[in-house]
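Scope of the values below: all heavy atoms of this structure, side chains included, with no hydrogens, waters or symmetry mates. Each chain gets a letter, A, B and so on, in the order its sequence line appears, and its residues count up from 1.
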Amino acid sequence: MSKDMKFLVVDDFSTMRRIIKNLLHDLGYANVAEADDGNTALPMLLQGDYDFLITDWNMPGMPGLDLLKAVRADAKLKGMPVLMLTAESKREQIVEAAQAGVNGYVIKPFTAVTLKEKLDKILESRK
Amino acid sequence: MSPMSDIDKLRNQYGGIVLSMSVALESGDEAVFCDALDKVVRLREKNLFVELRRLTDGLQGALERFTLDSRLVDLAEKEMPDARHRLDHVLKLTDEAAHKTMDLVEQSVPIANRTAKSAADLLVSWKQFRAREIAVEDFKKMLGHMDAFLEVTKGDTESLRQNLSEVLMTQGYQDITGQIIRGVMKLVAELETTLGELVHLASDGASKSEKTGPQRARGYGPAVPGVDHGPAVSGQQDVDSLLSGLGL
């Protein structure tokens with residue numbers, strides 16, 4: 001995995017997408033695309049050659065958990081690293097996301113350091 | 001057999017009595033007349049009571065349905081006060097974010113000013129040096145200033161970068177508050193529907209409103225202190241330990 005990695009950031013709030021995009025730029029990842037919910041993201045993932053998915057949970061249309069399940073159920077996408085970045089903080093939800101195959105879970109509000117740590121950890125484990 | 005018309009029913013019900021009243025009137029039998037008249041009045045009263053009972057039953061049913069519509073009770077007793085707390089929390093978050101942004105700007109402006117002033121001071125000596133008009137002593141001083149300036153500016157620009165990054169992160173409040181406001185909007189819409197149903201309650205009978213609360217798959221939105229109870233994590237550390245417990 002290199003700094004050329006292609007990210008897809010999925011969040012219904014454009015401000016949050018901008019924040020994540022900026023943080024990824026600061027970390028040296030310049031190739032970042034955006035989607036506002038799972039329904040928009042899934043066709044993008046299927047058509048594009050994305051390396052990493054960062055998704056919110058609570059979104060109109062297809063929520064992040066369903067997107068995660070769809071990714072894991074697709075032959076082409078199932079191995080993609082997925083980081084859930086969400087305000088959903090119920091224990092049962094975190095367990096559910098873990099069972100659905102999430103690679104990392106960051107709760108909002110978050111810090112730049114936390115995001116970097118989780119990204120690094122996921123990328124490290126995939127080397 | 002053809003159904004009886006209204007006038008036939010009346011004839012059946014009152015015909016005999018009216019006839020006996022008429023006969024009594026002709027014959028001057030006051031007691032029989034009054035007795036027949038009483039019978040007429042009683043018959044009318046009976047119809048009135050049946051109608052009144054029907055109305056009372058309807059009203060009673062409507063009142064029971066009103067009390068039993070737990071969604072409405074829920075909305076009035078729990079969710080509306082909750083919504084107020086949620087909006088209070090939105091106020092608090094927007095207030096904090098605005099202050100934090102302004103604090104960071106206020107911290108950054110003097111740093112930028114200091115850099116600009118030091119650069120301007122150095123520029124005077126630098127121009128003299130470039131024009132070969134600087135004394136040896138002043139040149140030595142300039143080098144000292146230059147060393148200090150580069151050192152300080154290195155730290156200052158890093159502080160500025162950090163402050164700008166913090167300003168960026170602080171804008172995350174819009175996502176959190178937006179989600180809370182959307183939740184309250186959904187509640188208001190539900191209240192509108194339920195109140196609409198209430199208006200039609202007596203005439204149409206209550207149709208139970210479906211609870212349109214958040215489903216688990218869709219998510220609950222951000223936790224609001226004092227409103228959301230239940231097994232939520234308290235922060236990222238909590239999430240990390242929960243996940244490591246699950247082998248992640």
Side-chain angles (χ1 to χ4, degrees), chain A residues 11-23 25-27 37-38 56-69 84-118 121-122 125, chain B residues 86 89-90 92-94 96-97 100-101 158 161-183 185-186 214-225 227-248:
Chain A
D11 198 304
D12 52 331
F13 281 88
S14 57
T15 42
M16 185 45 68
R17 294 200 300 271
R18 234 173 118 177
I19 290 172
I20 300 168
K21 209 171 164 177
N22 267 289
L23 290 174
H25 280 197
D26 280 354
L27 295 173
D37 83 325
D56 185 20
W57 182 316
N58 190 346
M59 293 179 285
M62 188 197 285
L65 185 71
D66 290 358
L67 177 63
L68 169 65
K69 287 176 180 169
M84 194 80 99
L85 209 164
T86 173
E88 300 300 325
S89 57
K90 296 218 185 307
R91 286 176 170 273
E92 65 195 41
Q93 293 177 298
I94 299 165
V95 172
E96 204 176 353
Q99 283 165 348
V102 82
N103 300 94
Y105 200 102
V106 173
I107 50 168
K108 299 173 183 173
F110 63 103
T111 64
V113 175
T114 306
L115 181 67
K116 184 181 183 310
E117 268 175 23
K118 302 302 164 201
K121 201 172 159 193
I122 295 171
S125 70
Chain B
R86 284 176 201 277
H89 188 59
V90 166
K92 186 171 158 274
L93 289 180
T94 50
E96 280 172 4
K100 190 162 179 197
T101 306
E158 179 52 28
R161 199 197 61 78
Q162 274 177 12
N163 286 354
L164 288 173
S165 175
E166 278 284 294
V167 167
L168 181 81
M169 293 306 294
T170 307
Q171 306 318 303
Y173 84 93
Q174 202 273 333
D175 171 20
I176 307 280
T177 56
Q179 289 189 51
I180 298 174
I181 290 172
R182 272 190 191 159
M185 279 163 66
K186 206 165 144 192
Q215 306 148 14
R216 186 156 133 187
R218 191 153 294 284
Y220 300 96
V224 178
V227 176
D228 288 308
H229 307 288
V233 293
S234 60
Q236 187 62 42
Q237 272 190 336
D238 221 359
V239 178
D240 293 348
S241 61
L242 179 63
L243 286 177
S244 72
L246 292 166
L248 253 173

Asker: Any side-chain heavy atom of A:N22 sitting closer than 4.5 Å to one from B:M169?
Answerer: no

Asker: Supply the atom-to-atom distance B:Y173 OH to A:K108 NZ, rounded to the nearest 0.5 angstrom.
Answerer: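 Output value for this atom pair is 14.5 Å.
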
Asker: State the OG1-CD1 distance between A:T15 and B:I176, to the nearest 0.5 angstrom.
Answerer: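 Interatomic distance, A:T15 OG1 to B:I176 CD1, rounded to 0.5 Å: 10.0 Å.
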
Asker: Taking the side chain as every heavy atom from C-beta outward, state whether B:D175 and A:D11 have any pair of such atoms under 4.5 Å apart.
Answerer: yes

Asker: Under the criterion side-chain contact (heavy atoms from CB on, under 4.5 Å), I'd like the reasoning laid out for B:L243 against A:Y105: C-alpha separation, chi angles, the key distance, then a yes or no.
Answerer: CA-CA 8 Å; B:L243 286 177; A:Y105 200 102; 3.5 Å; yes

Asker: Measuring heavy-atom distances to chain A, does B:L168 have an atom under 4.5 Å in its side chain, in its backbone, in both, or in neither?
Answerer: both

Asker: Quick check on A:S89 against chain B: is it the side chain, the backbone, both or neither that has a heavy atom closer than 4.5 Å?
Answerer: both

Asker: Please confirm whether the backbone N or O of A:I107 pairs with a side-chain atom of B:Q236, one donor and one acceptor, at under 3.5 Å?
Answerer: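 Yes: the side chain of B:Q236 pairs with the backbone of A:I107.
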
Asker: For atom NZ of A:K121, decide whether the heavy atoms of other residues, nucleotides or ligands shown that lie under 6.0 angstrom number more than 12.
Answerer: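 Not buried by this count: 12 neighbours or fewer within 6.0 Å.
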
Asker: Verify, without hydrogens or angle tests, whether A:E88 (side chain) and B:P222 (backbone) share a donor-acceptor contact under 3.5 angstrom.
Answerer: no

Asker: Using non-hydrogen atoms only, which part of A:T86 is less than 4.5 Å away from chain B: side chain, backbone, both, or neither?
Answerer: neither

Asker: Got more than 12 heavy atoms from elsewhere within 6.0 Å of CD, B:Q237?
Answerer: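 Open: at most 12 neighbouring heavy atoms sit under 6.0 Å from CD of B:Q237.
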
Asker: So do the side chains of A:D12 and B:Q179 get within less than 4.5 Å of each other, counting heavy atoms only?
Answerer: no

Asker: With a 4.5 Å limit on heavy-atom distance, are the side chains of A:K90 and B:V233 in contact?
Answerer: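 They are not in side-chain contact.
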
Asker: Can you tell which part of A:N103 gets under 4.5 Å to a heavy atom of chain B, answering side chain, backbone, both or neither?
Answerer: backbone

Asker: As an exercise: rank A:A87, A:P60, A:G64 by heavy-atom pairs under 4.5 Å with chain B and give me the winner.
Answerer: A:A87

Asker: Set out, in order, the CA-CA distance, both residues' side-chain angles and the distance that settles side-chain contact (heavy atoms from CB on, under 4.5 Å) for B:L246 and A:Q99, then state yes or no.
Answerer: CA-CA 9 Å; B:L246 292 166; A:Q99 283 165 348; 5.8 Å; no

